[in-house]
**Q** 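Structure in structure tokens, see below.
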Amino acid sequence: MRDGARIAAAIEILETLQTQHQPVKDAVRDWGKAHRFAGSGDRAWIGGLVLDALRHQASTAYAMEGDTPRTLAIGTVGRVWGVEADAIDAMFEGDDHAPEKLTDAEREGLARDISDAPLHIRGDVPEWLEESLIRVFGEAAAEEGRKLSSRAPVDLRVNEAKVDFDRAFKEVSSKLKAAENSPLVRSGIRIPQRDPRGKSAAAESIPAYGKGWVEVQDIGSQLAALASGARAGEQILDYCAGAGGKTLALSALLHNTGQVHAWDIDWRRLRAIWPRLKRADVRNVQVHDDSEDKALGEFVEKMDVVFCDAPCTGTGTWRRRPDAKWRLKPAALERRMKEQDIVLERAHRYVKPGGRLVYITCSVLPEENGDRVNAFLDKVEGFKPVPVMDALIQSGGLGDGAEALLEPCLTEHGALQLSPGRTDTDGFYICVMERVGA
């Protein structure tokens with residue numbers, strides 16, 4: 001396919017998203033099924049344009065003075081991808097499947113300066129979240145919004161319970177040439193994905209993945225696991241285990257000693273954990289799929305670590321799920337806050353004296369993070385916050401120079417607020433609390 005036809009295809013998909021409110025990945029997939037002539041490179045190019053149009057929807061619509069699918073697609077090619085107006089017209093010329101040539105108004109929009117636009121426009125964030133983002137990032141709120149609208153890399157965690165890092169890195173880099181060491185975690189490998197027109201790294205298809213040597217996991221998520229302070233022989237409860245990504249990381253930190261107990265209130269989310277455990281050759285994980293009282297009743301005040309990756313709005317993952325950014329509503333935030341309070345209220349019971357309660361979200365909103373920790377500490381006695389950096393340093397898992405990179409992320413209670421702008425990771429909040437008493 002020529003580039004003009006690809007832009008036309010992206011416009012068609014954006015029209016579907018506006019009329020049917022379908023998840024973007026499903027819409028791109030369905031378009032590909034209906035247009036079998038499009039090769040994998042075509043689909044990657046088209047999908048990249050659709051995703052970037054959603055990532056930058058507010059700023060593009062503001063600059064182009066319109067939010068039609070055509071306006072968003074053309075505005076993204078010009079303003080985000082940096083293709084000049086004449087070059088866009090050249091893409092359309094002589095292609096029967098391309099859109100009509102640019103209008104004068106579209107050319108003006110491609111060149112329009114929006115540096116004085118409101119924060120939510122410059123940052124490509126929902127307007128109702130402006131105050132929340134300013135609370136967290138201050139004057140950097142707009143820039144953090146732009147970073148949350150960028151394209152995310154692919155991160156891998158080396159399963160050092162099965163293979164040493166150097167051997168795994170050599171294997172990965174032989175297949176994915178762009179692979180590089182993470183500056184934040186010693187066991188992390190990063191495959192940059194900066195060109196939206198290119199195909200994503202097929203990490204799951206490389207031999208190292210099939211052998212269980214590496215697992216796909218954002219570097220921020222890997223830091224959250226390290227913050228648990230997990231040590232060989234400990235008993236750990238992964239209270240919101242979901243598909244098991246952090247369960248696997250916690251297991252590796254124990255080097256197949258002790259026990260990681262994986263549980264989730266929605267047992268269906270645990271289905272994905274079984275093949276992952278098998279591939280990683282994990283032998284110290286127990287999966288509990290019964291009701292909480294039946295599954296976890298015997299663990300009250302018995303766990304060295306209770307790890308709570310709480311349900312949240314997912315604002316920290318907007319790079320990967322840009323359509324979710326515009327669907328998020330205040331009612332959903334309120335609902336998540338209530339769920340987070342319930343998670344902390346229930347999960348803390350399993351922490352033994354001297355043990356640790358680790359609270360994590362993949363959110364950058366203070367309402368879900370520090371506010372929830374403060375509400376918990378005001379309500380529940382016997383817990384004190386401890387600096388996350390202490391646990392990270394003691395883990396021995398930080399990369400060289402990581403302490404300096406993480407210093408700007410420190411917040412109340414010694415917690416960390418990671419973000420694409422600060423750490424080039426997803427937006428993760430990490431807080432550790434210790435249960436005091438003998």
Side-chain angles (χ1 to χ4, degrees), residues 224-270 273-274 277 282-312 336-361 368-369 372-386 388 390-391 413-415 429-438:
L226 289 175
S228 69
R231 295 183 287 268
E234 288 191 327
Q235 295 290 313
I236 299 177
L237 170 60
D238 190 354
Y239 186 79
C240 305
K246 295 182 183 68
T247 303
L248 291 170
L250 293 167
S251 167
L253 291 173
L254 296 181
H255 295 282
N256 269 325
T257 67
Q259 202 76 204
V260 180
H261 302 271
W263 181 83
D264 197 282
I265 192 169
D266 184 354
W267 62 268
R268 292 168 296 186
R269 299 184 65 205
L270 291 166
I273 201 172
W274 295 107
L277 293 174
V282 170
R283 299 185 298 276
N284 65 338
V285 170
Q286 290 188 31
V287 181
H288 304 268
D289 58 3
D290 214 329
S291 66
E292 181 171 357
D293 289 342
K294 291 182 179 179
L296 307 181
E298 64 180 295
F299 299 145
V300 173
E301 296 191 12
K302 298 291 180 60
M303 295 290 107
D304 295 288
V305 177
V306 175
F307 195 87
C308 299
D309 186 4
C312 68
R336 290 307 190 196
M337 290 164 57
K338 292 177 182 177
E339 292 171 347
Q340 290 150 6
D341 288 340
I342 291 171
V343 164
L344 285 168
E345 181 181 339
R346 293 179 177 176
H348 84 271
R349 300 174 298 164
Y350 305 108
V351 183
K352 74 179 187 182
R356 302 176 297 286
L357 176 64
V358 186
Y359 177 71
I360 306 107
T361 72
E368 300 185 273
N369 298 333
R372 303 278 58 77
V373 170
N374 284 330
F376 170 75
L377 293 173
D378 287 344
K379 184 176 182 180
V380 178
E381 296 182 353
F383 281 84
K384 67 174 184 179
V386 295
V388 171
D390 288 354
H413 304 311
Y429 175 81
I430 309 166
C431 185
V432 180
M433 293 166 278
E434 182 179 303
R435 185 164 196 165
V436 297

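Along the sequence shown, the residues carry numbers beginning at 1. The shown structure was predicted, so the numbers you read here are calculated from the model rather than taken from an experiment.
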**Q** Please report the closest heavy-atom contact between L377 and P385, naming both atoms and the distance.
**A** CD1-CG, 3.6 Å
**Q** Identify the heavy atoms of K352 and E301 that sit nearest to each other, and give their distance.
**A** CB-O, 3.1 Å
**Q** Does R372 pair with D341 as a salt bridge, N-O distance under 4.0 Å?
**A**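 Result for this pair is yes, salt bridge flagged.
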**Q** Where do F383 and L357 come nearest, in terms of heavy atoms and distance?
**A**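 Shortest heavy-atom contact: CE2-CB, 4.0 Å.
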**Q** Show your reasoning for whether side-chain contact (heavy atoms from CB on, under 4.5 Å) applies to H261 and M303.
**A** CA-CA 10 Å; H261 302 271; M303 295 290 107; 4.0 Å; yes
**Q** For the CG atom of D289 and the CZ atom of R269, what is their distance to the nearest 0.5 Å?
**A**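 Reported to 0.5 Å precision, the distance equals 14.5 Å.
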**Q** Is the ring centre of F299 less than 6.0 Å from the ring centre of H288?
**A** yes
**Q** Can you check whether L296 reaches R349 side chain to side chain, under 4.5 Å on heavy atoms?
**A** no
**Q** Decide yes or no for V343 and I265: does some side-chain heavy atom of the first lie under 4.5 Å from some side-chain heavy atom of the second?
**A**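 Side chain of V343 against side chain of I265, heavy atoms only: no contact under 4.5 Å found.
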**Q** Hey, what do you get for CG (L270) to CG (D264), rounding to the nearest 0.5 Å?
**A** 5.5 Å
**Q** Could you list the donor-acceptor pairs under 3.5 angstrom formed between side-chain atoms of residues 242-250 and any protein atom two or more places apart in sequence or on another chain?
**A**
residue, atom, partner, partner atom, Å
K246, NZ, S221, OG, 3.4
K246, NZ, D309, OD2, 2.6
T247, OG1, D238, OD2, 2.6

**Q** Quick one: closest heavy-atom pair of V305 and E234, and the distance?
**A**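 Closest approach of V305 to E234: CG2-OE1, 3.9 Å.
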**Q** Is there a side-chain contact (heavy atoms from CB on, under 4.5 Å) between L277 and V287 once you walk through the steps?
**A** CA-CA 10 Å; L277 293 174; V287 181; 3.8 Å; yes
**Q** State, without any angle test, whether H413 and N374 hold a side-chain donor-acceptor pair at a distance under 3.5 Å.
**A**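 Result is yes, a qualifying pair exists.
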**Q** Looking only at non-hydrogen atoms, find the nearest pair between L253 and A225 and report the distance.
**A** CD1-O, 3.4 Å
**Q** Mind checking whether N256 and S251 have side chains closer than 4.5 Å, heavy atoms only?
**A** yes
**Q** Would E368 and Q340 count as a side-chain contact (heavy atoms from CB on, under 4.5 Å) if you check the C-alpha gap in whole Å, the side-chain angles of each, and the deciding distance to 0.1 Å?
**A** CA-CA 7 Å; E368 300 185 273; Q340 290 150 6; 2.8 Å; yes
**Q** Answer yes or no: is there a side-chain heavy-atom contact under 4.5 Å between Q286 and Q259?
**A**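 Counting from C-beta outward, Q286 and Q259 do come under 4.5 Å.
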**Q** Run the salt bridge (charged side-chain N to carboxylate O under 4.0 Å, His left out) test against E434 and tell me which residues pass, sequence neighbours left out.
**A** none
**Q** Which distance, rounded to the nearest 0.5 Å, do you find between the CD of Q235 and the OH of Y350?
**A** 15.0 Å
**Q** Locate the shortest heavy-atom distance separating I430 from V388; write the atom from each residue and the value.
**A** O-CG2, 3.4 Å
**Q** Could you tell me the separation between the CG atom of L344 and the CD atom of E339, rounded to the nearest 0.5 Å?
**A**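 Result: 12.5 Å between the selected atoms.
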**Q** Salt bridge (charged side-chain N to carboxylate O under 4.0 Å, His left out), that's the test. Do D304 and R356 meet it? Break it down for me.
**A** CA-CA 6 Å; D304 295 288; R356 302 176 297 286; over 6 Å; no
**Q** Find the distance between CD1 (I360) and SG (C240) and round it off to the nearest 0.5 Å.
**A**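 Those atoms lie 9.0 Å apart.
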**Q** Only counting residues at least two apart or in another chain, list the ones meeting ring pair (Phe, Tyr, Trp, His ring centres under 6.0 Å) with Y239.
**A** W263
